[in-house]
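Just so it is clear: chains get the letters A, B, ... in the order the sequence lines come, proteins before strands, and each one is counted from 1.
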Number of protein chains: 2
Amino acid sequence: MPEENQALSPGLRMPEQVATRLERLILDGVFRPGQLLPSERRLCDRLGVSRASLREGLRILRSKGIIDTRQGHGSTVATLLPVGNQSPLMHLFKDHPRTLFDLLEVRALLEGESARLAASRGTSADRVLITRRYREMADYAESAESIDVERLARLDHAFHLAVSQASHNPVLVHTLQSLTDLLLSSVFASVKHLYHLPAPRTMINQQHAQLHEAVVNGEAEQAEQVALEHLSSISQLLRDLEEEHERLERSSMRLEEWQ
Amino acid sequence: MPEENQALSPGLRMPEQVATRLERLILDGVFRPGQLLPSERRLCDRLGVSRASLREGLRILRSKGIIDTRQGHGSTVATLLPVGNQSPLMHLFKDHPRTLFDLLEVRALLEGESARLAASRGTSADRVLITRRYREMADYAESAESIDVERLARLDHAFHLAVSQASHNPVLVHTLQSLTDLLLSSVFASVKHLYHLPAPRTMINQQHAQLHEAVVNGEAEQAEQVALEHLSSISQLLRDLEEEHERLERSSMRLEEWQ
DNA sequence: GACTAATTACTGGTCAGACCAATGCACCAC
DNA sequence: GTGGTGCATTGGTCTGACCAGTAATTAGTC
């Protein structure tokens, strides 16, 4: 009878067990996408297996595309998403900017649900992380005089990611993630522009504060509502931005006609 | 300069090399499907690598489904070569059924929204198409005595697709589509099974009828509600199916104890 | 002689410890 | 500051040993 190694496995070999247990930890959010796993030697201790078995377990995860390993560096949890290849959608964007708002519509739906679930299902550890991300973002947004917009965008993204991860629904997290990536890769310039204008920024800051409060206080309905309003505001801001852009274009066209 | 080990590998690690070389030998017909490979120790000699590396190489081939290994026996070349490529998320599904319900949760959200939008935004042309798809599905489901389950599943899928397309949100359609593909490719057997049981089938038929009616009559709230209930039912049915499956497994295990 | 049970020589599975190679960070000289 | 230099840490590989199933062989029994 094995005295160690809380084996849960009848027919499973060690490497399979290692892979399964690590997957479980990843799904539970203990190890998150992008995060660096503990070193192999440390994992051996924690899981109670030899390095050979552990390495075969990691090999399984690597084959599945779940982790990514670099010599001298370590193994990181892959930012696995592909809900599907994103290429087909990318074309749509270029030809039909309207699709941007369709994307925001879907994203609002998912963001609302994730906020609701985060408020109702989130653990205390989740709340701690969410608060930390929120503070990082809010402190930077308030304190700095000349903010680095790109950095603020990253902090913003990290905050929303923390909220979605608290939903404990990996599929939701990944879908949301891929949509956000798609959004940023296509209109990052516009989004960046939003942060530069004072009015939108204070509005966004307020909504973030409300969202944070609702989630950590477990107010599910409130959290969903705030998230929906947040995305709706962003959508409206981008719409205004686009309109203004068109107006500028028209005037420049008029200018060209006379030259 | 390595004197042995006819390395052909720039950046490749040993295990990858081992896997590649063995694949090559299999493709060249040196090792044929069904055949027993030489023992690990013998392969180590022949390939000039340690057993640890050799085993990691075999692990790669096993992950790809190219070989099959049994303790005390050996590794045999699999008879049927790799099936369909599976997305990274697929692996998570197989080992963690919990993720399946996470997927259904997200899908219900999107399906609900698409039904709502279809009812409120759908054009008359959309409604005609939806009705046609619905009739095709319903007629086949009711009339035929011995139904071809796979065909019914296709008609079902076509109906839902028509509804989602009436939402006039390509992003929503696309996201929903990829989630559905993911679902079907992982649990198509179970879904198929649902159609075979009489009770679930009548329930599904009823819900389809209600969904169709709500959408074509422009009753947005009702459509969303029905869609949510529909997905919720399916989720519950799959849950029951899984439970029953486990019960059967347990009883067969008990059976084995007495033999 | 035919059948069963123990033996034994394989097989893969796991472990421990050693060393090599790449990375990245801290420290130090300039 | 800037650019090296070292060193601690990480993954990559090897070795040799032992454990655990498998199956063929052998010994024992009827």
> Just how far, in rounded Å, is P of C:dT11 from CD1 of B:Ile67?
Replying inline: 15 Å
> Any idea which heavy atoms bring A:Leu211 and A:Ala227 closest together, and the distance?
Replying inline: CD1-CB, 4.3 Å
> How many Å lie between CE on B:Met14 and C1' on D:dT15, as a whole number?
Replying inline: 15 Å
> Where do A:Val106 and B:Leu110 land on the side-chain contact (heavy atoms from CB on, under 4.5 Å) test, with the steps shown first?
Replying inline: CA-CA 8 Å; A:Val106 176; B:Leu110 296 175; 4.0 Å; yes
>> In the structure I gave you, are the side-chain heavy atoms of A:Leu22 and A:Ile66 within less than 4.5 Å of one another anywhere?
In response: no
>> Is the phosphate of C:dA16 approached by A:Ser50 (side-chain N or O, under 4.0 Å from OP1 or OP2)?
In response: no
>> Measure CD/A:Glu40 against P/C:dT23 and give the value in whole Å, please.
In response: 15 Å
> Can you list, by residue number, the residues of residues 53-61 of chain A that have a non-hydrogen atom closer than 4.0 angstrom to DNA chain D?
Replying inline: A:Arg55
>> The side chain of B:Arg42 is closest to which nucleotide in this list: C:dC15, D:dG11, C:dT11?
In response: C:dT11
> What's the CG-P distance between B:Leu36 and C:dT11, to the nearest Å?
Replying inline: 9 Å
> Within the distance-only criterion (no hydrogens, no angle test), does the side chain of A:Asn217 pair as donor or acceptor with the backbone N or O of A:Glu219 below 3.5 angstrom?
Replying inline: no
> For the ring pair A:His208 and A:Tyr134, is the centre-to-centre distance below 6.0 Å?
Replying inline: no
>> Please determine whether side-chain contact (heavy atoms from CB on, under 4.5 Å) holds for the pair B:Leu231 and B:Leu109, giving the CA-CA distance in whole Å, both sets of side-chain angles, and the decisive distance to 0.1 Å.
In response: CA-CA 9 Å; B:Leu231 268 293; B:Leu109 188 71; over 6 Å; no
> When every nucleotide of nucleotides 16-23 of chain D is labelled 5' to 3' by its protein contacts under 4.0 Å (heavy atoms), B for base, S for sugar-phosphate only, - for none, what sequence of letters results?
Replying inline: -BB-BBSS
>> What's the closest nucleotide to the side chain of B:Ala52 if the choices are C:dC15, D:dC14, C:dG12?
In response: D:dC14
>> Which residue in the set A:Leu61, A:Val49, A:Leu58, A:Ile60 passes side-chain contact (heavy atoms from CB on, under 4.5 Å) when paired with A:Val18?
In response: A:Val49
> Below 4.5 Å, heavy atoms only, C-beta onward: do A:Phe159 and A:Val163 meet side chain to side chain?
Replying inline: yes
